[in-house]
K.L.:
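I'd like to ask some things about the structure below.
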Amino acid sequence: MDIAEVAKASGLPSSTLRFYEEKGLIQSNRGSGLRRQYGGNILERLALISLGRNAGFSLDEIVAMFTLTGSEINRALLSAKADELDSKIKELSAMRDGLRHAAECKAPSHFECPKFLRLLSIAGKNRFRQPRKLQGIER
């Protein structure tokens with residue numbers, strides 16, 4: 001498939017495909033007329049990239065996740081991201097529960113509600129949290 005066909009089939013602009021190629025996420029062959037030509041698995045590869053992005057992986061993490069052959073995915077990185085998502089889900093669930101409590105709290109002021117004050121404390125700590133690293137790759 002040439003770049004225009006891949007763009008149409010994937011819904012991604014050609015500029016994104018070229019950018020992904022520069023990052024090492026996908027590969028093309030230059031055919032006649034110097035148009036980029038992609039192999040038959042390009043749409044599957046783009047779907048994997050989309051899945052990774054939706055799961056919160058950076059493009060650099062996605063590059064690192066693919067093995068040299070490109071046919072396998074680094075399972076250790078998948079597991080690490082799943083652990084990170086579990087932590088984020090726990091944090092968001094606590095935040096949701098705190099907000100629900102604050103919305104229903106009978107205290108005269110939210111600043112008199114111990115649960116709301118804990119929620120503010122958590123929010124303040126997260127604001128100043130340093131970016132974490134995943135397997136040596138910065139997010």
Side-chain angles (χ1 to χ4, degrees):
M1 298 174 76
D2 72 17
I3 193 167
E5 293 170 318
V6 173
K8 184 176 181 180
S10 68
L12 295 171
S14 298
S15 59
T16 298
L17 297 173
R18 288 189 293 273
F19 178 71
Y20 283 178
E21 192 170 340
E22 287 174 22
K23 296 285 284 179
L25 289 160
I26 60 175
Q27 295 177 352
S28 70
N29 299 315
R30 298 292 176 117
S32 60
L34 299 178
R35 287 187 67 93
R36 288 176 164 87
Q37 297 290 319
Y38 296 94
N41 69 341
I42 187 64
L43 295 178
E44 181 180 276
R45 181 83 168 199
L46 291 171
L48 281 170
I49 294 166
S50 178
L51 178 64
R53 296 293 288 156
N54 288 334
F57 284 97
S58 70
L59 291 178
D60 290 335
E61 289 171 332
I62 294 170
V63 168
M65 193 170 42
F66 291 133
T67 61
L68 293 176
T69 64
S71 60
E72 293 292 323
I73 297 173
N74 184 321
R75 293 172 190 261
L77 288 178
L78 289 178
S79 182
K81 181 56 81 173
D83 291 344
E84 186 179 317
L85 289 173
D86 282 340
S87 176
K88 188 67 173 175
I89 289 167
K90 184 177 177 183
E91 183 180 315
L92 289 172
S93 293
M95 185 79 61
R96 178 205 57 215
D97 294 346
L99 290 172
R100 288 197 192 285
H101 174 80
E104 299 167 0
C105 185
K106 303 294 185 213
S109 163
H110 286 101
F111 294 100
E112 296 175 38
C113 174
K115 210 167 194 178
F116 183 74
L117 292 174
R118 274 195 308 271
L119 183 65
L120 287 180
S121 174
I122 292 169
K125 289 176 187 174
N126 287 343
R127 182 173 164 214
F128 301 108
R129 186 186 307 173
Q130 295 296 317
R132 294 186 306 187
K133 292 185 180 184
L134 179 63
Q135 296 292 332
I137 300 171
E138 290 193 36
R139 291 190 299 149

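For the single chain, residues carry numbers from 1 onward in sequence order.
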K.L.:
Could you please spell out the steps behind the salt bridge (Lys or Arg N to Asp or Glu O under 4.0 Å) verdict for K8 and E5?
P.N.:
CA-CA 5 Å; K8 184 176 181 180; E5 293 170 318; over 6 Å; no
K.L.:
In Å and rounded to the nearest 0.5 Å, what is the CG to CE distance from L59 to M65?
P.N.:
10.5 Å
K.L.:
Hydrophobic cluster membership, with links at side-chain heavy-atom distances under 4.5 Å among I/L/V/M/F/W/Y: are F19 and L48 in one?
P.N.:
yes
K.L.:
Which distance, rounded to the nearest 0.5 Å, do you find between the CG of L120 and the CZ of R118?
P.N.:
11.5 Å
K.L.:
Is there a donor-acceptor pair closer than 3.5 Å between any side-chain N or O of N41 and the backbone N or O of E44?
P.N.:
no
K.L.:
Can E21 and Y38 be counted as having a side-chain donor-acceptor contact under 3.5 angstrom?
P.N.:
yes
K.L.:
Hey, does the side chain of S121 reach the backbone of L117 with a donor-acceptor pair shorter than 3.5 angstrom?
P.N.:
no
K.L.:
For a 4.5 angstrom cut-off between non-hydrogen side-chain atoms, does R45 reach Q27?
P.N.:
no
K.L.:
Out of curiosity, R53 CZ to I62 CD1, how far, rounded to the nearest 0.5 Å?
P.N.:
6.0 Å
K.L.:
Using side-chain heavy atoms (C-beta onward) and a distance below 4.5 Å, is L46 in contact with V6?
P.N.:
yes
K.L.:
Can you find a heavy atom in the side chain of F57 that is under 4.5 Å from one in the side chain of L78?
P.N.:
yes
K.L.:
Less than 4.5 Å apart, any side-chain heavy atom of R36 and any of D2?
P.N.:
no
K.L.:
Within a strict 4.5 Å, meaning less than it, do heavy atoms of the I3 and R18 side chains meet?
P.N.:
yes
K.L.:
Who are the side chain to side chain contact (heavy atoms under 4.5 Å, CB included) partners of S79, not counting sequence neighbours?
P.N.:
D83
K.L.:
If you define the side chain from C-beta out and look only at heavy atoms, does anything of L77 sit under 4.5 Å from E61?
P.N.:
no
K.L.:
Would you say the side-chain atoms of Q37 and S28 include a donor-acceptor pair closer than 3.5 Å?
P.N.:
no
K.L.:
According to a hydrophobic-cluster definition based on side-chain heavy atoms being under 4.5 Å apart (Ile, Leu, Val, Met, Phe, Trp, Tyr only), do I49 and L43 belong together?
P.N.:
yes
K.L.:
Enter the distance from S93:OG to D97:CG here, rounded to the nearest 0.5 Å.
P.N.:
6.5 Å
K.L.:
For E91 and K88, indicate whether the former's side chain and the latter's backbone hold a donor-acceptor pair under 3.5 Å.
P.N.:
no
K.L.:
Would you be so kind as to tabulate the donor-acceptor pairs closer than 3.5 Å made by side chains of residues 98-116, with sequence neighbours excluded?
P.N.:
unit_1 : atom_1 : unit_2 : atom_2 : d
S109   : OG     : F111   : N      : 3.1
H110   : NE2    : A102   : O      : 2.8

K.L.:
Between K81 and A55, which heavy-atom pair has the shortest distance, and what is it?
P.N.:
CD-O, 3.7 Å
